[in-house]
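What follows is one structure encoded as structure tokens, with my remarks underneath.
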Amino acid sequence: IYSYLGVGVGVITQLFFIPHFLSKEENGLLGLLLAYTYTIIQLANLGFNAAGGRFFTYFRNYEKKHNGYLFLGIMTSVLGFLLCSTILLIFKDFFISSNEGKSHLFKDYYWVLFVISFFMLFFNVFDNYARGLFDTVWGTFFSQFLQRFLVMCSLIFVAFKLVDFPVFIWIWIAAISLPTLLMFVRASQMQGFSLKPDFSFFKTE
């Protein structure tokens with residue numbers, strides 16, 4: 001249900017609000033930021049989410065706090081994020097110059113990549129953890145519906161000229177980041193939650 005509702009909200013946002021109330025430059029900026037962000041989060045998790053989802057059954061143990069699974073996921077993502085951030089900083093001029101034709105605003109809002117990539121990366125960590133504990137609903141609600149609904153609301157502010165584009169960007173960032181905080185709260189409420197490492201789980205035969 002939440003997935004279908006999210007699709008509906010997304011269609012309204014993409015077909016009505018964005019074309020009518022954002023300029024081509026502004027629309028292009030949002031597209032660039034999201035395109036780069038999705039690439040970054042795929043690289044920055046270093047394959048942990050895919051592997052973790054597959055092997056979580058070996059970690060799952062409520063009494064042992066799931067054998068430090070979340071610590072591994074967070075540390076792996078931190079390392080991956082730092083590596084990707086370094087690349088973004090080193091090749092900043094290249095990325096900006098190669099996308100000038102899509103949006104001249106990309107240069108001014110390049111820093112947004114680091115913020116939304118960070119939050120979306122760690123949303124996946126906590127969502128993957130919750131899914132390993134058989135909770136798929138909240139992650140879907142936060143990412144597929146709530147996030148898109150908040151983005152649509154921020155565009156409504158623009159449509160009624162309540163905010164200008166620089167303020168809209170801050171609201172847009174908040175709309176994308178909030179689900180991560182909510183997903184962390186949800187994960188912390190689940191049985192066995194712990195951020196402590198447990199290296200004793202790894203043993204050689």
Q. For F149 and F141, what are the C-alpha separation, side-chain angles and deciding distance, and is it a ring pair (Phe, Tyr, Trp, His ring centres under 6.0 Å)?
A. CA-CA 10 Å; F149 178 75; F141 171 74; 9.6 Å; no
**Q.** Output field: ring centroids Y36/F106 closer than 6.0 Å
**A.** yes
Q) Are L46 and Y129 connected in the hydrophobic side-chain network, where two residues link if heavy atoms are under 4.5 Å apart? A) no
(Q) Are the side chains of Y2 and V137 in contact, using a 4.5 Å heavy-atom criterion? (A) yes
Q. Step by step, would you call Q147 with I176 a side-chain contact (heavy atoms from CB on, under 4.5 Å)?
A. CA-CA 6 Å; Q147 184 183 86; I176 291 178; 3.9 Å; yes
Q: Could you check if a side-chain atom of W170 sits within less than 4.5 angstrom of a side-chain atom of V163, using non-hydrogen atoms only?
A: no
**Q.** S23 versus E26, closest heavy-atom pair with distance
**A.** N-OE1, 2.9 Å
Q | Non-hydrogen atoms of F123 and G139 that approach each other most closely | A | CZ-O, 3.5 Å
Q: Check whether any side-chain heavy atom of D164 lies under 4.5 Å from a side-chain heavy atom of V167, and answer yes or no.
A: yes
Q: Check for a donor-acceptor pair, side chain of S188 on one end and backbone N or O of V185 on the other, with a separation under 3.5 Å.
A: yes
**Q.** Side-chain touch F21/F160, heavy atoms, less than 4.5 angstrom
**A.** no
**Q.** Interatomic spacing from CG in D135 to CG in D127 - rounded to 0.5 Å
**A.** 8.5 Å
Q. Is there a side-chain contact between L113 and F95 (heavy atoms, below 4.5 Å)?
A. no
Q) Once you round to the nearest 0.5 Å, how far does CD1 of I96 lie from CZ of F91? A) 14.0 Å
Q. For the hydrophobic clusters of this structure (ILVMFWY residues joined by side-chain heavy atoms under 4.5 Å, transitively), does one cluster hold both F134 and F193?
A. no
Q. Above 12 or not: heavy atoms from other molecules or residues under 6.0 Å from CZ of F16?
A. yes
Q. If Ile, Leu, Val, Met, Phe, Trp and Tyr residues are connected whenever their side-chain heavy atoms lie under 4.5 Å apart, and connections chain through other members, are V11 and L146 in the same group?
A. no
**Q.** Contact summary for W111 and I173, nearest pair of heavy atoms
**A.** CH2-CD1, 3.8 Å
Q) For F157, does the CZ atom have more than 12 heavy-atom neighbours from other residues, nucleotides or ligands under 6.0 Å away? A) no
Q: Check whether any side-chain heavy atom of L22 sits under 4.5 Å from a side-chain heavy atom of L155, and report yes or no.
A: yes
Q: For residues G132 and R60, report the shortest heavy-atom separation together with the two atoms involved.
A: O-NH2, 2.8 Å
Q: Tell me, yes or no, whether the heavy-atom count around I1 atom CD1, taken from other residues, nucleotides or ligands under 6.0 Å, exceeds 12.
A: no
Q.
The test is side-chain contact (heavy atoms from CB on, under 4.5 Å); show your working for Q144 and L5 and say whether it passes.
A. CA-CA 8 Å; Q144 299 298 314; L5 289 174; over 6 Å; no
Q: For F17 and M152, work out which heavy atoms get closest and say how close.
A: CE1-CG, 3.8 Å
Q) When rounded to the nearest 0.5 angstrom, what is the spacing between CG in N49 and CD in Q42? A) 8.5 Å
**Q.** Shared hydrophobic cluster, I41 / L79 (ILVMFWY, side-chain heavy atoms < 4.5 Å)
**A.** no
Q. Less than 4.5 Å apart, any side-chain heavy atom of L133 and any of Y69?
A. no
Q: Run the numbers on R131 and T140 for side-chain contact (heavy atoms from CB on, under 4.5 Å), then give the verdict.
A: CA-CA 10 Å; R131 289 176 182 275; T140 300; 3.4 Å; yes
Q. Hey, any chance L34 and L43 share a hydrophobic cluster, counting ILVMFWY side chains that come within less than 4.5 Å of each other, even indirectly?
A. no
Q) Hey, are the side chains of L70 and V125 touching, using non-hydrogen atoms and a 4.5 Å cut-off? A) yes
Q.
Could you measure the distance from the SG atom of C153 to the CZ atom of R148? Nearest 0.5 Å is fine.
A. 14.5 Å
Q.
For a side-chain contact (heavy atoms from CB on, under 4.5 Å) check, start with the C-alpha distance between W138 and L182, then their side-chain angles and the critical distance, and finish with the verdict.
A. CA-CA 9 Å; W138 283 105; L182 297 176; over 6 Å; no
Q) For S77 and L121, which heavy atoms make the closest approach, and how far apart are they? A) O-CD2, 3.5 Å
Q: Please work out which of the three classes, parallel, tilted or perpendicular, describes the rings of Y109 and F165, given edges at 30° and 60°.
A: perpendicular
Q.
I need the L105 CG to K24 NZ distance, nearest 0.5 Å.
A. 14.5 Å
**Q.** Whether F118 and F122 hold their rings parallel, tilted or perpendicular, with breakpoints at 30° and 60°
**A.** tilted
Q) Quick one: CD1 on I169 to OG on S154, what's the gap to the nearest 0.5 Å? A) 9.0 Å
Q. Where does the angle between the aromatic ring planes of H66 and F56 fall among parallel (under 30°), tilted (30 to 60°) and perpendicular (over 60°)?
A. tilted
Q.
Given 3.5 Å as the limit, does a donor-acceptor pair link the side chain of S103 with the main chain of G28, or not?
A. no
(Q) Please verify the inter-ring angle class for Y58 with F55; under 30° counts as parallel, over 60° as perpendicular, anything in between as tilted. (A) tilted
Q. With I40, which of N45, I116, L88, I87 fulfils side-chain contact (heavy atoms from CB on, under 4.5 Å)?
A. L88
(Q) Under the criterion side chain to side chain donor-acceptor pair (under 3.5 Å), I'd like the reasoning laid out for N99 against Y110: C-alpha separation, chi angles, the key distance, then a yes or no. (A) CA-CA 11 Å; N99 289 284; Y110 190 76; over 6 Å; no
